[in-house]
Amino acid sequence: MTHGPEEVPCLLMRGGTSKGAYFRAADLPAEPALRDALLLRVMGSPDPRQIDGLGGAHPLTSKVAVISPSADPCADVDYLFLQVAVDRPEVSDRQNCGNILAGVGPFAVERGLVAPGRQETAVRIRMVNSGDYATATFPTPGGRVDYTGGAEISGVPGSAAPVVIEFPPGAGPLLPTGHVRDEIDGVAVTCVDNGMPTVLIAAASLEVTGYELPRDLEEDVALADRLRKIRLAAGRLMGLGDVSETTVPKLTLLAAPRDGGAVTTRTFIPVRCHPSIGVLGAASVAAGLRIEGSVGAELAELSADSDRIRIEHPSGFLDIESSLGATPDGLPSARRTAVVRTARKIFDGVVFPRSAETAPLSPSPLSPLSPLSPRSSGGQR
Ligand code: NQM
């Protein structure tokens, strides 16, 4: 099939608890500025409702995966993740996404980038944003991706085929500040990066329980202000520079488990409170809990004889396997991380981006949905 210049082949997929538009790199402009301008028009940003595009008016449904064959001998495909801001004209490659990652292997088979196995297929993925690797294994009976199955993940109704994702140790340090604990604004934090830069904070140290509903936490303007200050300082300590306009680091509030898991979490991504938890965010939390002396180690209930850690979150739990080793100079380092996700092919076709001449440069002032109150912290991210 041939497509006009403003008709872009696109697969709309759910990856884990997120949803996004998946593209072959070859179908998008190679020039990042042109690509990003096109993606804003595809998703309908900037607009709090994204009414004129594919985006779902929330950071977790305003995501893009760009996939291409990899030149790296350790990978089959390259996966570039792009976060499309909802209410700002901004596309960022500063963070990775482990939920959208769940759809990358199936997409690669759907688009003929990887030859399927007869029963299952393992796709080696280079995550361009971080330079880290993952291997995703999923069923392909008879050489076709089978999305149906019995795997259930909290935050997604029903069940689907499991996508098993294995992460080898990442390239960067697990403790980017070089310390197990830092103190910011009078609050003890542990800054950890096992795929997603994350700041761990005991909920009680911010005068919340950590069991609140995400909506209630999002409406707490004083909490948002404290979190923003902690995040800006943590970003500098983690070597990320000025993070006022970026979506990393994330912030995870921790409390003792209530439902048989290892810990309860409320994660800010970084302004909206996640209805569950990101995959790499959970990988960072899990690793952080295992570090002796960390914020969280004292709250967590960990099993000594299993790598599996059950992370409780607002809509259930996420099980993750996490084991640590040590660097030659004795600092903790990630050894292995693995997780089960599911993915679904929702729609396959071409997307017609709004024409560049009529696209908005700033959000619609007349949206009937009021944006979140803590706008001083950077809008709906
Ligand atoms: O941490 C949300 C998500 C994510 C990212 C976010 C993710 C991850 O749930 O790997 O999956 O933290 O912005 O999609």
Side-chain angles (χ1 to χ4, degrees), residues 9 11 13 15-16 20 22-32 35 63-83 92-141 143-146 161-174 176 193-197 248 278-280 283-284 287 307 320-328 333-341 343:
L11 203 55
M13 297 185 88
Y22 289 65
F23 297 93
R24 284 190 316 172
D27 292 328
L28 290 172
E31 164 62 41
R35 178 201 65 202
K63 299 189 165 219
V64 166
V66 182
I67 296 148
S68 52
S70 185
D72 183 332
C74 299
D76 302 307
V77 292
D78 284 351
Y79 153 52
L80 172 69
F81 170 71
L82 296 171
Q83 180 71 53
S92 170
D93 63 3
R94 287 282 301 272
Q95 80 162 80
N96 208 344
C97 180
N99 270 309
I100 290 297
L101 172 66
V104 170
F107 175 91
V109 170
E110 296 276 357
R111 287 289 188 261
L113 302 176
V114 169
R118 292 168 69 88
Q119 281 308 319
E120 61 174 32
T121 303
V123 178
R124 300 169 310 153
I125 300 161
R126 185 172 78 99
M127 299 185 283
V128 175
N129 305 74
S130 59
D132 293 335
Y133 297 89
T135 299
T137 307
F138 47 95
T140 50
R144 288 176 70 95
V145 183
D146 185 358
V163 179
V164 179
I165 308 178
E166 291 263 352
F167 301 94
L174 187 58
D193 185 352
N194 188 20
M196 181 68 74
V248 288
V279 169
L280 295 161
S284 293
D307 282 353
I320 188 153
E321 288 178 23
S322 168
S323 62
L324 300 190
T327 63
S333 64
R335 186 184 291 143
R336 175 179 169 270
T337 307
V339 71
V340 174
R341 297 271 88 187

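When a residue number appears, it is its place in the shown sequence, counting from 1. Only a predicted model underlies this, so the values are computations on that prediction, with no experimental measurement involved.
Listed by chain and residue number, D27 satisfy the salt bridge (charged side-chain N to carboxylate O under 4.0 Å, His left out) test with R24 (two or more places apart in sequence, or in another chain). Contacts of E166 classified as side-chain hydrogen bond (donor to acceptor under 3.5 Å, both in side chains), with partners at least two apart in sequence or in another chain: R336. The salt bridge (charged side-chain N to carboxylate O under 4.0 Å, His left out) test applied to D78 returns R126, not counting sequence neighbours.
A pairwise comparison of heavy atoms in A334 and P169 identifies O-CB, 3.3 Å as the closest pair. Looking at every heavy atom in both residues, R341 comes nearest to A102 through CB-CB, 3.7 Å. The two residues G143 and P116 make their nearest non-hydrogen contact at O-CG, 3.3 Å. Residue F138 comes nearest to P106 through the heavy atom pair CZ-N, 3.5 Å, listed as atom of the first residue, atom of the second, then distance. Considering every non-hydrogen atom in both L113 and I67, the closest pair reads CD1-CG2, 3.8 Å. Nearest heavy-atom pair across A343 and V163 is N-CG2, 4.2 Å.
Once rounded to the nearest 0.5 Å, the distance linking CZ of F167 with CD1 of I125 reads 8.5 Å. Atom CD of Q95 sits about 5.0 Å away from atom CZ of F81, to the nearest 0.5 Å. Here the CE atom belonging to M196 is positioned 6.5 Å from the SG atom belonging to C97, to the nearest 0.5 angstrom. Between T135 atom OG1 and D76 atom CG the span is 8.0 Å, to the nearest 0.5 Å. To the nearest 0.5 Å, atom CG of residue L11 and atom CD of residue E110 are 6.0 Å apart.
Using a 4.5 Å heavy-atom cutoff, the side chains of L174 and L324 are in contact. R35 is listed as a side-chain neighbour of L80, based on a closest heavy-atom distance under 4.5 Å.
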Query raised in the report: Please walk me through it: do V77 and F107 pass side-chain contact (heavy atoms from CB on, under 4.5 Å)?
Result: CA-CA 10 Å; V77 292; F107 175 91; over 6 Å; no
Report task. Check the pair I165 / L101 against side-chain contact (heavy atoms from CB on, under 4.5 Å), numbers first and verdict last. Result -> CA-CA 9 Å; I165 308 178; L101 172 66; 3.8 Å; yes
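Within the 3.5 Å criterion, the main-chain N or O of A108 finds no donor-acceptor partner in the side chain of Y22. No donor-acceptor pair under 3.5 Å is formed between the side chain of D193 and the backbone N or O of S284.
Checked against Y79 for a side-chain contact (heavy atoms from CB on, under 4.5 Å), the options V123, N96, N129 give a single hit: N96.
Using a 3.5 Å distance cut-off with no hydrogens or angles, the side chains of N194 and S322 do not pair a donor with an acceptor.
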